[in-house]
Amino acid sequence: MQWILEQRLRAAVREHLRAHYPATPAAALPPEALRIEQPPQPELGEFALPLSFELAKSLRRPPRALAQEMAAAFELPQGFARVEVAGAGYLNFFADRAATAAIAAAPCPPEPRLGPKVIVEHTNINPNKAAHIGHLRNAVLGDTWVRLLRHRGETVEVQNLQDNTGVQVADVVAAFLYLEGAAGDAAAAIARVESAIGDPAKRFDYLCWDLYAAIAQHYEQHPADLAAWRPATLQAIEAGGNPVARLAAVISEAIARCHLKTMQRIGVEYDLLPRESEILHLDLWSRAFALLRERGAIRLEGEGKNAGCWVMERAEARGLEGEEETKVIVRSNGTVTYVGKDIAYQMWKFGLLPLEFGYVRFYEYPSGHVAWTTAAGSEPGAPGFGRAAWVYNVIDVRQSYLQEVVVAGLRALGAEREAQRSVHFSYDMVALSAACAAELGYVASAEAAGGKRVDVSGRKGTGVKADDLLDRLEARTRAEVAARHAELPAVEQQRLAEQIAVGALRYFLLKFARTTAIAFDFKEALSFEGETGPYVQYAAVRAAAIGRKAADAASPPAAAWDAAWAGYLDDAAAWGLLWQAGRLEAQVGQSLEAAEPAQFAKFAFQLAQTFNNFYHHTPVLQETDPGRRGFLLWLVAYVQRQLAAALALMGIAVPEAM
RNA sequence: GGGCGCGUAGCUCAGCUGGACUAGAGCAUCGGCCUUCUAAGCCGACGGUCGCAGGUUCGAAUCCUGCCGUGCCCGCCA
């Protein structure tokens with residue numbers, strides 16, 4: 001709704017500037033560059049323009065006087081009631097409330113700005129153990145970003161890279177080969193693994209979680225085994241076409257399916273799972289290498305500690321001493337480093353490599369949506385992937401340096417445009433609060449940890465597994481639902497519990513800004529009061545309940561605005577609620593602009609807060625004036641739709657009851 | 001040593017593209033509100049020299065400089 005008024009206001013201001021202040025820089029700016037703010041209090045109007053402060057500088061006149069001059073001569077566009085000067089020189093515009101209400105339901109037309117396709121890469125969990133709380137933050141952040149982009153009309157492809165050839169997988173493979181009694185016999189190990197995967201009583205990813213920690217410990221105590229097992233396993237996996245490689249494939253695929261199931265619980269789906277093994281085998285790297293060499297992006301180091309390596313120089317990273325920073329891309333033994341592979345992958349995402357993977361189905365969601373994976377050849381009906389205009393990589397902040405190197409690689413290739421359109425969507429880590437670490441037995445006590453947060457570690461097997469956390473959340477919500485809705489059948493109770501648990505988890509992970517390191521705490525994450533997902537869900541459920549009861553009483557809410565209701569908008573609470581609910585589109589735009597999903601979460605919470613307050617002070621079904629009752633029902637139905645839309649953008653459902 | 005973050009109420013955090021902020025939220029604590037649309041709610045109280053010191057500005061939590069504290073990164077690991 002705001003977007004229509006805002007557009008009109010921008011156009012009107014531009015006209016005004018051109019007519020009255022043509023010589024100022026502000027008059028030359030495009031309408032979308034105009035700063036429009038929201039006044040701190042609703043009594044101050046709907047839009048605030050700090051424009052006079054800008055003009056004051058170029059015209060050398062006091063802002064307040066300028067604002068008054070502008071306000072006096074301003075021709076208000078349609079939908080506006082008046083303009084006032086406030087504060088040190090703000091121009092405050094007041095909406096025509098009835099006109100605004102009439103356009104409340106007008107949908108914002110999607111206007112893709114980023115291009116034909118955007119790729120968002122997220123989750124990227126090593127397929128060697130169960131997902132943990134940190135992976136959940138990545139997935140929730142990435143998935144919400146995808147939803148916000150799609151809401152604005154962008155075409156988004158979601159990729160989840162599988163590093164199935166790395167050390168982490170090799171270590172678990174070695175654990176099955178040597179620690180689990182297979183005595184190095186890969187065929188025996190495969191049989192063992194397959195029976196473990198087929199055992200419904202076991203969680204295969206949990207089993208590997210423990211095995212990974214076990215072999216890490218074993219390697220620490222037996223360096224000779226590390227020296228023997230790891231390189232041999234890695235080499236076999238990279239070479240392919242042997243029993244050890246098959247064992248690795250069976251393990252990593254089974255774990256990838258576990259991850260997909262875990263993420264499915266919180267409403268996260270993927271379009272493509274590109275595999276490192278294909279990046280290696282399908283010549284992707286050698287094509288990228290040839291290009292990098294051709295363009296002089298990398299060179300063979302002849303001397304020094306990196307002698308015999310292909311390295312990339314980063315000119316922009318040159319220090320004051322003129323020291324150059326070099327990064328090894330190809331090792332002296334001819335193997336590619338992680339960054340090298342990542343550069344190739346990033347090039348492919350932009351369509352900069354003249355080749356294509358094969359694609360096969362990997363996982364089908366209940367909706368029928370298919371997650372594909374890469375393969376040597378395509379199966380019939382496989383779609384195309386890649387060739388994006390923009391790429392967002394949701395990766396934690398520790399990889400900032402490496403992401404910079406990847407972008408530098410694109411730049412060195414002359415792909416300046418693609419370099420600028422490569423976004424490292426970074427976020428800080430999830431650690432465990434001292435109390436949480438103590439609860440899990442990772443430290444003796446919170447005091448012993450010095451009150452400091454404790455890092456999670458896959459190698460040590462410490463951390464909160466994603467499914468364990470979800471199970472705990474569900475157990476809590478199930479108890480709560482059972483107490484409140486004993487009349488409902490068990491399946492329905494379970495459904496509500498799941499929806500509320502997901503709401504709690506997703507909101508919890510979303511409410512922190514990306515740069516904030518989260519100290520995970522069960523008490524906070526399991527809370528359903530205050531600034532939480534269930535709070536927002538509750539508001540939506542209460543709004544829906546009013547509409548349902550009205551319909552039961554044979555007076556369902558009207559779908560469209562009735563001009564006869566105009567007078568009821570004088571009620572400050574009703575108007576304030578309507579206006580805030582209508583801010584959803586503007587909020588999506590702001591969150592995208594700031595690249596900060598947390599801003600959107602905050603908005604959803606504040607809207608719920610405003611509604612809960614309204615709910616408490618304004619009885620709707622008891623309203624005796626039929627006109628006002630109709631108006632209130634319409635308003636509540638509108639707010640309900642907006643709350644549901646806001647929650648959906650965060651991947652949170654509105655339960656039938658709470 | 002260099003680079004990038006962070007430091008705001010007892011706790012966890014918003015705000016930080018300078019302006020209506022006499023600094024907000026949630027939790028915790030204390031006190032009210034269920035015969036009225038679901039109390040996972042509402043209302044109120046308590047609580048902060050926005051790390052410190054300078055600077056820029058008509059105006060700084062917000063920008064700049066320095067310092068202090070704290071975290072991450074700087075591998076022929078991924």
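Please read all numbers here as calculations on a predicted model, not as lab measurements.
- The shortest distance between the side-chain N/O atoms of A:R629 and the OP1/OP2 oxygens of B:C37 is not below 4.0 Å.
- Of all heavy-atom pairs between A:I255 and A:C208, the closest is CD1-SG, 3.6 Å.
- Contact annotation: A:R542 side-chain N/O to B:A39 OP1/OP2 distance is under 4.0 Å.
- Classified by interplanar angle (parallel below 30°, tilted 30° to 60°, perpendicular above 60°), the ring pair A:W310/A:F289 is perpendicular.
- Across all strands shown, B:G7 forms a Watson-Crick or G-U wobble pair, both distances under 3.5 Å, with B:C68.
- The neighbour count for A:R514 CZ, taken as heavy atoms of other residues, nucleotides or ligands under 6.0 Å away, is above 12.
- Ring geometry, A:F603 versus A:F600: the interplanar angle falls from 30° to 60°, so the pair is classed tilted.
- If you check B:U57 for Watson-Crick or wobble pairing at under 3.5 angstrom, you find it has no partner at all.
- Judged by atom type and distance alone, A:N92 reaches the base of B:A20 through a side-chain donor-acceptor pair under 3.5 Å.
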Using nucleotides 58-60 of chain B, report all nitrogen or oxygen pairs with the protein that are shorter than 3.5 Å.
none

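- Using the Watson-Crick or G-U wobble rule with both distances under 3.5 Å, B:C16 pairs with nothing in any strand shown.
- A:Y535 contributes no side-chain N or O that forms a donor-acceptor pair with the base of B:A40 under 3.5 Å.
- Across all strands, A:A594 comes closer than 4.0 Å to no nucleic acid atom at all (heavy-atom distances).
- One interatomic measurement links the two molecules: OH of A:Y401 to P of B:G5, which rounds to 17 Å at whole-angstrom precision.
- For B:C42, the paired nucleotide is B:G32, the pair qualifying as Watson-Crick or G-U wobble because both relevant distances are below 3.5 Å.
- The aromatic rings of A:W229 and A:Y219 sit tilted relative to each other, their planes meeting at an angle between 30° and 60°.
- Going from atom CD of A:Q499 over to atom P of B:A40 covers 18 Å, rounded to whole Å.
- Here B:C21 is the nucleotide among B:C42, B:C21, B:C13 with the atom lying nearest to any side-chain atom of A:Q41.
- Side-chain atoms of A:S332 and base atoms of B:C76 include a donor and an acceptor less than 3.5 Å apart.
- Ion pairing between a basic and an acidic side chain is recognised when a charged N comes within 4.0 Å of a carboxylate O; A:K341 and A:E278 show no such pairing.
- An aromatic stacking contact between A:Y615 and the base of B:G41 is absent, as defined here by ring centres under 5.5 Å apart and ring planes under 30° from parallel.
- Between A:A497 and A:T477 the shortest heavy-atom distance is O-OG1, 2.9 Å.
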